[in-house]
**Q** 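First, the structure itself, so that you have it in front of you.
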Amino acid sequence: MLTTFSEPPAPVVLDEASLRATFERLRGRSAALRQESWEPRAARLRKLGEWLAKNQPRVQQALYADFRKPAEEVDLCEIYASQSELKHTLQNLKKWMSRRSVGTPLSLLGAKGWVQPEPKGVVLIIAPWNYPFYLAIDPLISALAAGNCCLIKPSEMTPATSRLLRELVAETFDPSEVVVCEGDKDVSTALLRLPFDHIFFTGSPQVGKVVMRAAAEHLTSVTLELGGKSPVVVDETADLRDAAEKIVWGKFLNAGQTCVAPDYLLVQEQVRDQLVQEIRSATRRLYDPKGEGVQKSSSFARVINGHHFQRLSRLLEEGQRRGGTLEMGGIVDSSECFIEPTLIDGVPTDTGLWSEEIFGPILPMRTYRTLMEAVDFVNERPRPLALYLFSRSADNRRYLLKHAPSGGAAINDTIVHLMHLELPFGGFGNSGMGRCHGRYGFDAFSNLKGVLQQRVGQTSVKLLYPPYTTKVKKMIALVMRWF
C-alpha cells in the first residue's frame, strides 16, 4: 500500500506583481529560445524523460495522496502516457521543426513556397485536477518541443501533485524557461490578464468560456480541451461481453473522472438485458473479483473531494427520485468520497444525469430501436468530445461516423484513441477547440509561417502590373480563365 504525504506544505503563491515579473522573465528568455536548433530542445525533453524514469514512486504517492488513485492507474494514465508522448516527440522533433515544402501554382512560376514553424513565445498551461500530472506534462512536452517558454498553473484541488510539479520543474528546468505557479482561481484570473502568446486550458466548458474571453483581450490563441457528454452506442450486432468490459473500464477508470469517459449509454432494445448482465459481470471481474465489494478494492479511485461527491450524490438521488432504476451499484460513502460503479436506467432526460457532464462513476442508460433514433438523440445535445460505437456492422459504423459529429471517435473500444499519437485529439464546439498530441500538439504551440521566395528580376506577376493596357487586361483574363 502506498503511504500518503503528510499535510502538504503551503503552495508557492505569487501576487500579481510577482506574476507579471515572472512573465517578463520568461518573455525575455523566449527570444533566445526562438533561435535554437533542435538539439537544445531535445536536451530539455531528455532531462524531463530522465526525471520521469527516476521518480515513478513520487508520482504514485502524490496521486494517492490527492484522491487514492491506484498506483497502476498512475503508471498507465499519468507516467506511461507522458513517456509515450515524450518518446514520440523526440523521435520526430527534427522533422517537425524543419521547413515544410509546398507546391507552387503555375501562376507563380519560378517562385518557391514553404511553411516554417516558429515558437509562439510564452505560453500558459492551465492543468485540471482529474489527471493533474499527465495533463500538465503532455502539453508541456509539445510547448517545449515547439521552442516556447512555459508557465504551468496546476489545480489547487490536487495539492500533492501540484507540489510535485513544482519540484519537477525546479529539478529539471531553467527558471527563466519553465515555471509553476500555484494558487486558486484568483491566481488563474491574474494570469489570464497577462499577454501570453498561447493558452492551453483543460477543464470544463464553463471555465473554458472564461479563458476564451480573457484571451480575446490580447488576441491570444487558445487550445481548449473541455468535456461534454460522450455517448457510447451498442447495437444488436455487437460482441456484448467485449463491449461491456471495455465500457466498464472506460467509464470507471479514475472513478469516472475522465474527460472522454462514456457519459451515457444507448443500447439497442433487443440486447438491453444481456448487456446489463454483461456490465454487472465485467464490473465484478475488474473491481470486485473476491466478492468483498468495490469499496475494498485497491483498483478503484475516489471522487476528488467533498464538493464533487455531493454533486454526484445529488445527481444520483434525483435520478432515483424521478423514477430511475438502479441496475447496478448505488452505494455512496461520504467519509471516503466513495461512489460505487453505478448503472441506472429509466431516468427522465430533463434531469441532471442527462443535462450535465457527470464526471463520476454513474452511467445512465436508455434503449433505442433504430440507429437513426440513437443518432438523433446524440445530435440533440452539444457536440461530444468522444463518440463510441460497439458494432460488427460496417454500415452502422459508417452511418454513425457520418451523421454524429464529435471531437474524436472510437469503434469497438473506449478512451484508447488518446493513446494513438498519430491521431489529433481535441473537442468540437462545446467540447473544445484546437488539437493536441504528437505533431498536432507541436503545431498548436507553433506559428506556422508561410514563406514565399520569389526570383529576382522578371517574374510572372510583373506581367499583371499597371498600367492596365489592353495587353495586361488580356493577361489578367487569361490568368482568371486558365490559372
Side-chain angles (χ1 to χ4, degrees), residues 70 72-73 75-77 80-81 229-291 294 297 299-301 327-329 340-345 358 361-371 373-375 377-378 384-404 406-420 423 425:
E72 294 76 14
E73 286 190 10
D75 289 348
L76 179 64
C77 302
Y80 168 75
K229 298 187 71 65
S230 297
V232 54
V233 180
V234 180
D235 75 12
E236 62 180 345
T237 72
D239 180 320
L240 298 181
R241 179 185 171 92
D242 180 67
E245 200 160 63
K246 291 170 178 175
I247 291 168
V248 166
W249 177 74
K251 176 59 179 178
F252 302 127
L253 178 75
N254 202 36
Q257 298 164 120
T258 303
C259 61
V260 288
D263 198 87
Y264 63 90
L265 168 62
L266 303 177
V267 56
Q268 201 153 17
E269 57 187 10
Q270 298 95 312
V271 295
R272 183 260 186 211
D273 293 346
Q274 187 180 349
L275 180 65
V276 168
Q277 185 57 48
E278 292 289 356
I279 288 175
R280 291 173 184 154
S281 298
T283 303
R284 286 193 296 270
R285 290 196 301 274
L286 271 62
Y287 296 110
D288 190 21
K290 296 181 180 179
V294 176
S297 172
S299 300
F300 190 74
E327 297 291 345
M328 181 185 75
E340 189 179 21
T342 298
L343 180 66
I344 185 169
D345 193 9
I358 296 171
I362 304 168
L363 183 62
M365 65 175 290
R366 61 181 286 141
T367 60
Y368 68 89
R369 290 169 295 175
T370 67
L371 191 58
E373 178 186 329
V375 167
F377 186 87
V378 171
L385 182 57
L387 176 68
Y388 304 116
L389 172 66
F390 288 86
S391 175
R392 288 190 176 105
S393 167
D395 289 340
N396 286 355
R397 296 196 295 264
R398 282 191 293 268
Y399 183 86
L400 189 79
L401 291 174
K402 182 176 181 180
H403 292 91
S406 63
I411 304 299
N412 293 321
D413 215 330
T414 63
I415 290 184
V416 295
H417 61 296
L418 274 76
M419 300 170 66
H420 196 317
L423 291 176
F425 176 77

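This chain uses plain numbering: 1 for the first residue, then up along the sequence. What you see below is based on every heavy atom in this structure, not just the backbone, and it leaves out hydrogens, waters and symmetry mates.
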**Q** Could you state the interatomic distance from CG (Asp75) to CD (Glu72), rounded to the nearest 0.5 Å?
**A** 6.5 Å
**Q** For the pair Gln268 (side chain) and Glu236 (backbone), establish whether a donor and an acceptor sit closer than 3.5 Å, ignoring hydrogens and angles.
**A** yes
**Q** Checking side chain to side chain contact (heavy atoms under 4.5 Å, CB included) for the pair Ile344/Met365: CA distance, chi angles, key distance, verdict?
**A** CA-CA 6 Å; Ile344 185 169; Met365 65 175 290; over 6 Å; no
**Q** Using the side chain to side chain contact (heavy atoms under 4.5 Å, CB included) rule, take Leu400 and Val378 through it: C-alpha gap first, then chi angles, then the decisive distance, then the call.
**A** CA-CA 10 Å; Leu400 189 79; Val378 171; 5.8 Å; no
**Q** Determine, stepwise, if the pair Phe252 / Leu286 fulfils side chain to side chain contact (heavy atoms under 4.5 Å, CB included).
**A** CA-CA 10 Å; Phe252 302 127; Leu286 271 62; over 6 Å; no
**Q** Under 3.5 Å, is there a donor-acceptor pair between the Ser393 and Asp395 side chains?
**A** no
**Q** Ring-plane angle category for His417 and Phe425, please: parallel below 30°, perpendicular beyond 60°, tilted otherwise.
**A** tilted
**Q** Can you tell me how far CZ of Arg397 sits from OG1 of Thr237, rounded to the nearest 0.5 angstrom?
**A** 8.0 Å
**Q** So, the side chain of Asp242 versus the backbone of Glu245: is there a donor-acceptor pair under 3.5 Å, distance only?
**A** no
**Q** I'd like to know if the side chain of Thr370 and the backbone of Glu373 have a donor-acceptor N/O pair within less than 3.5 Å.
**A** yes
**Q** Who passes side-chain hydrogen bond (donor to acceptor under 3.5 Å, both in side chains) against Arg241, sequence neighbours left out?
**A** none
**Q** Run the numbers on Glu327 and Ile279 for side chain to side chain contact (heavy atoms under 4.5 Å, CB included), then give the verdict.
**A** CA-CA 10 Å; Glu327 297 291 345; Ile279 288 175; over 6 Å; no
**Q** Ignoring hydrogens, what is the shortest heavy-atom contact between Leu363 and Pro262? Give both atom names and the distance.
**A** CD1-O, 3.9 Å
**Q** Enter the distance from Asp345:CG to Leu265:CG here, rounded to the nearest 0.5 Å.
**A** 9.0 Å
**Q** Under the side-chain contact (heavy atoms from CB on, under 4.5 Å) test against Tyr388, which residue among Ile415, Ile411, Asp413 passes?
**A** Ile415
**Q** Considering all heavy atoms of both residues, which atom of Pro341 and which atom of Val294 are nearest to each other, and what is their separation?
**A** CD-CG1, 3.7 Å
**Q** Could you tell me whether the side chain of Glu269 and the main chain of Tyr368 form a donor-acceptor pair under 3.5 Å?
**A** no
**Q** For Lys246, is there any backbone N or O sitting under 3.5 Å from a side-chain donor or acceptor partner on Thr414?
**A** yes
**Q** Supply the atom-to-atom distance Leu385 CG to Cys259 SG, rounded to the nearest 0.5 angstrom.
**A** 5.0 Å
**Q** Considering non-hydrogen atoms only, spot the tightest contact between Ala261 and Ser230 and give its length.
**A** O-CB, 3.7 Å
**Q** With a 3.5 Å distance limit and no angle check, can you tell me whether Gln274 reaches the backbone of Val271 through a side-chain donor-acceptor pair?
**A** no
**Q** So which atom in Ala255 and which in Pro361 form the shortest heavy-atom distance, rounded to 0.1 Å?
**A** O-CD, 3.0 Å
**Q** Donor-acceptor check, side chain of Asp235 to backbone of Val267, threshold 3.5 angstrom: yes or no?
**A** no
**Q** Out of curiosity, Leu253 CG to Cys77 SG, how far, rounded to the nearest 0.5 Å?
**A** 4.5 Å
**Q** Can you check whether Ile362's main-chain N or O pairs, donor with acceptor, with Lys251's side chain at less than 3.5 Å?
**A** yes
**Q** Are any non-hydrogen side-chain atoms of Val248 and Tyr287 less than 4.5 angstrom apart?
**A** yes
**Q** Taking all non-hydrogen atoms of both residues into account, name the closest pair between Ile358 and Asp263 and its distance.
**A** N-OD1, 3.0 Å
**Q** Answer yes or no: is there a side-chain heavy-atom contact under 4.5 Å between Leu401 and Leu389?
**A** no
**Q** For Tyr80, does the OH atom sit with more than 12 other heavy atoms under 6.0 Å from it, leaving out its own atoms?
**A** no
**Q** Holding to salt bridge (Lys or Arg N to Asp or Glu O under 4.0 Å), I want the full list of residues that pass it with Asp239, two or more places apart in sequence or in another chain.
**A** Arg392
**Q** Do Val276 and Arg280 come close enough that some side-chain heavy atom pair is under 4.5 Å?
**A** yes
**Q** Distance from Phe390 atom CZ to Leu275 atom CG, nearest 0.5 Å?
**A** 9.5 Å
**Q** Do you know which two heavy atoms are closest between Arg284 and Gln277, and how far apart they sit?
**A** NH2-NE2, 3.9 Å
